[in-house]
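First comes the structure, then the notes that go with it.
Counting starts at 1 for both ligands and their atoms, in listed order.
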Amino acid sequence: MAGKVDVSRLPRTVALERGADGAPELVLLDQRLLPAEERTVRLRDWRAAVDAIRALAVRGAPAIGVAGAAAVALAAWERAAGPEPADAAAFLAGLEADGAAIAQARPTAVNLPWAVGRALGEARRLAAAGEPPRVVAEALADLAVELAAADEAANRALGAHGAALLPCDATILTHCNAGSLATAFYGTALGVVYAAAERGGVARVFADETRPVGQGARLTAWELARAGVPVTLICDDMAASLLASGAVDAVVVGADRVAANGDAANKIGTLGVAVLADRYGVPFYVAAPTSTVDLAVPDGAAIPIEERDPAEVLPAPIPGVDVWNPAFDVTPAGLITAIITERGAFAPADIARACA
Ligand SMILES: CSC[C@H]1O[C@H](OP(=O)(O)O)[C@H](O)[C@@H]1O
């Protein structure tokens, strides 16, 4: 493997920080501009945070979870500075409404409603204890920081469990971007790659370009090269020939929501890669922290699939031509070799037990 892997060269894509005046700010690396430009934006308005999530300025299930919790903190700060502080009930009711709008920014990744729910639950607990709105707002800003740190720690633990499954000098195929850019830091599927590479065990990663938004071409290829991991970019329709060639030791992908039976929703195109991996006898791993597992959803059929703007597929509309643009698909548990979490790797059928 060429060169030393150094994940410290990777930027952080989402964080809750404080401005000079102490006000919370959601700090984002605008992923729409990568790899051409690394532009950081600092948001104080929760509505702008919702727009950033919807527009994929920040993306990736764990990353939008952190952004969602930070957005609730921004909303609490705004309300605590507004006319409602005298009425704690009005403050909390308004924050609940803001949180509902934030949680609905994108429907598929469970991390977003999960993180917003954590923030609103903390707000309810503090309000019930008689804490004033400003104290609630401060606590929610701290919670967003804690959730980001917990995500990174989970990713590093998950990466180590996944690396243990790979042969030395593994050749890996991945789809979309489940890297550091999709999380608070380190990544899930790419966290497995980084953990294996840091121990000297990754020969090369093949990255699907991942149409129509190109998270593989623009983000995964860039991220891996930045960290010093050998990477080859391929078109999505090349995955079949690559898997048929026998060159791939394992497929490792992320997830946006894992159902209680182990079905996993991930970027559109993942299902096709899973079918091909099964056909050619290549292990297919889903890397997902337990915060991505939704035990309230019995199977993949119940996972909401986001449909996005047709212009992502066809920027210049053709008269008489309709476009279908689902952003995710569901890989059935039967095509998944193991689900890798921070608690270990589990057969899909055992994921509910793993998260209990
Ligand atoms: C580590 S979760 C990453 C997950 O999220 C991506 O979707 P999007 O880029 O639309 O946010 C993709 O499904 C990745 O696998």
Review point. Counting both backbone and side chain atoms, is some N or O of Lys267 under 3.5 Å from an N or O of ligand 1?
Key: yes
Review point. Hey, which atoms in ligand 1 end up nearer than 4.0 Å to a heavy atom of Gln215?
Key: 8 (P), 9 (O), 10 (O)
Review point. Taking the minimum heavy-atom distance to atom 13 (O) of ligand 1, which of Asp256, Leu181, Ile64, Leu56 ranks first?
Key: Asp256
Review point. Looking at Ala255, which atoms of ligand 1 are within less than 4.0 Å of one of its heavy atoms?
Key: 2 (S)
Exercise for review: Pull out every atom of ligand 1 sitting under 4.0 Å from any heavy atom of Arg106, numbered as shown with elements.
Suggested key: 8 (P), 10 (O), 11 (O)
Check your understanding: When you check the side-chain N and O atoms of Thr210 and Asp208, is any donor under 3.5 Å from an acceptor?
Key -> no
Check your understanding: Below 3.5 angstrom, do we get any N/O pair linking Arg59 and ligand 1?
Key -> yes
Review point. With only distance considered, is His175 within less than 3.5 Å of ligand 1 through an N or O on each side?
Key: no
Review point. Hey, does the Lys NZ or Arg CZ of Arg79 hover above the aromatic six-ring of Phe91, less than 6.0 Å from the centre and inside 45° of the axis?
Key: no
Revision key, fill the gap. Atoms of ligand 1 under 4.0 Å from any heavy atom of Asn266, numbered from 1 in the order shown, are 4 (C), 12 (C), 13 (O), 14 (C), 15 (O)
Review point. By number and element, which atoms of ligand 1 are closer than 4.0 Å to a non-hydrogen atom of Pro62?
Key: 1 (C), 2 (S)
Review point. Transitive ILVMFWY cluster of Leu314 at side-chain heavy atoms under 4.5 Å: who else is in it?
Key: Val313, Ile318, Val321, Val323
Review point. Could you walk me through whether Thr292 and Asn111 pass the side chain to side chain donor-acceptor pair (under 3.5 Å) check?
Key: CA-CA 6 Å; Thr292 302; Asn111 309 65; 3.0 Å; yes
Point to revise | Polar contact flag, side-chain donor to acceptor under 3.5 angstrom, Gln31-Thr13 | key: yes
Exercise for review: Please confirm whether Gly60 comes within less than 3.5 Å of ligand 1 when only nitrogen or oxygen atoms on both sides are compared.
Suggested key: yes
Practice item. May I ask you to say whether Glu146 pairs ionically with Arg118, meaning some side-chain N is under 4.0 Å from a carboxylate O? Key: no
Study note, to complete from the structure: atom 12 (C) of ligand 1: closest protein heavy atom, distance to 0.1 Å, is Cys176 SG, 3.4 Å
Practice item. Pull out every atom of ligand 1 sitting under 4.0 Å from any heavy atom of Ala61, numbered as shown with elements. Key: 2 (S), 3 (C), 5 (O)
Check your understanding: Within the structure, does Thr183 bring an N/O atom to less than 3.5 angstrom of an N/O atom in ligand 1?
Key -> no
Exercise for review: Report, as yes or no, whether the 6.0 Å neighbourhood of atom CZ on Arg18 holds more than 12 heavy atoms from other residues, nucleotides or ligands.
Suggested key: yes
Check your understanding: Out of curiosity, is Ala327 lining ligand 1, as in a heavy atom under 4.0 Å away?
Key -> no
Check your understanding: Are a donor atom and an acceptor atom from the side chains of Asn177 and Arg218 found within less than 3.5 Å of each other?
Key -> no
Check your understanding: Ion pair present between Arg12 and Glu17, side-chain N to carboxylate O less than 4.0 angstrom?
Key -> no
Check your understanding: Among all protein non-hydrogen atoms, which one is nearest to atom 1 (C) of ligand 1, and what is the separation to 0.1 Å?
Key -> Thr188 OG1, 3.3 Å
Practice item. Any atoms of ligand 1 less than 4.0 Å from a non-hydrogen atom of Ala182? List them with their elements. Key: 1 (C), 3 (C)
Practice item. Indicate yes or no: does Arg211 engage Glu209 in a salt bridge with an N to O separation below 4.0 Å. Key: no
Practice item. Run the numbers for me: atoms of ligand 1, each under 4.0 Å from some heavy atom of Asn177, listed by number. Key: 3 (C), 14 (C)
Check your understanding: Out of curiosity, does Val14 fall in the hydrophobic cluster containing Ile102 (side-chain heavy atoms, cut-off under 4.5 Å, transitive links)?
Key -> yes
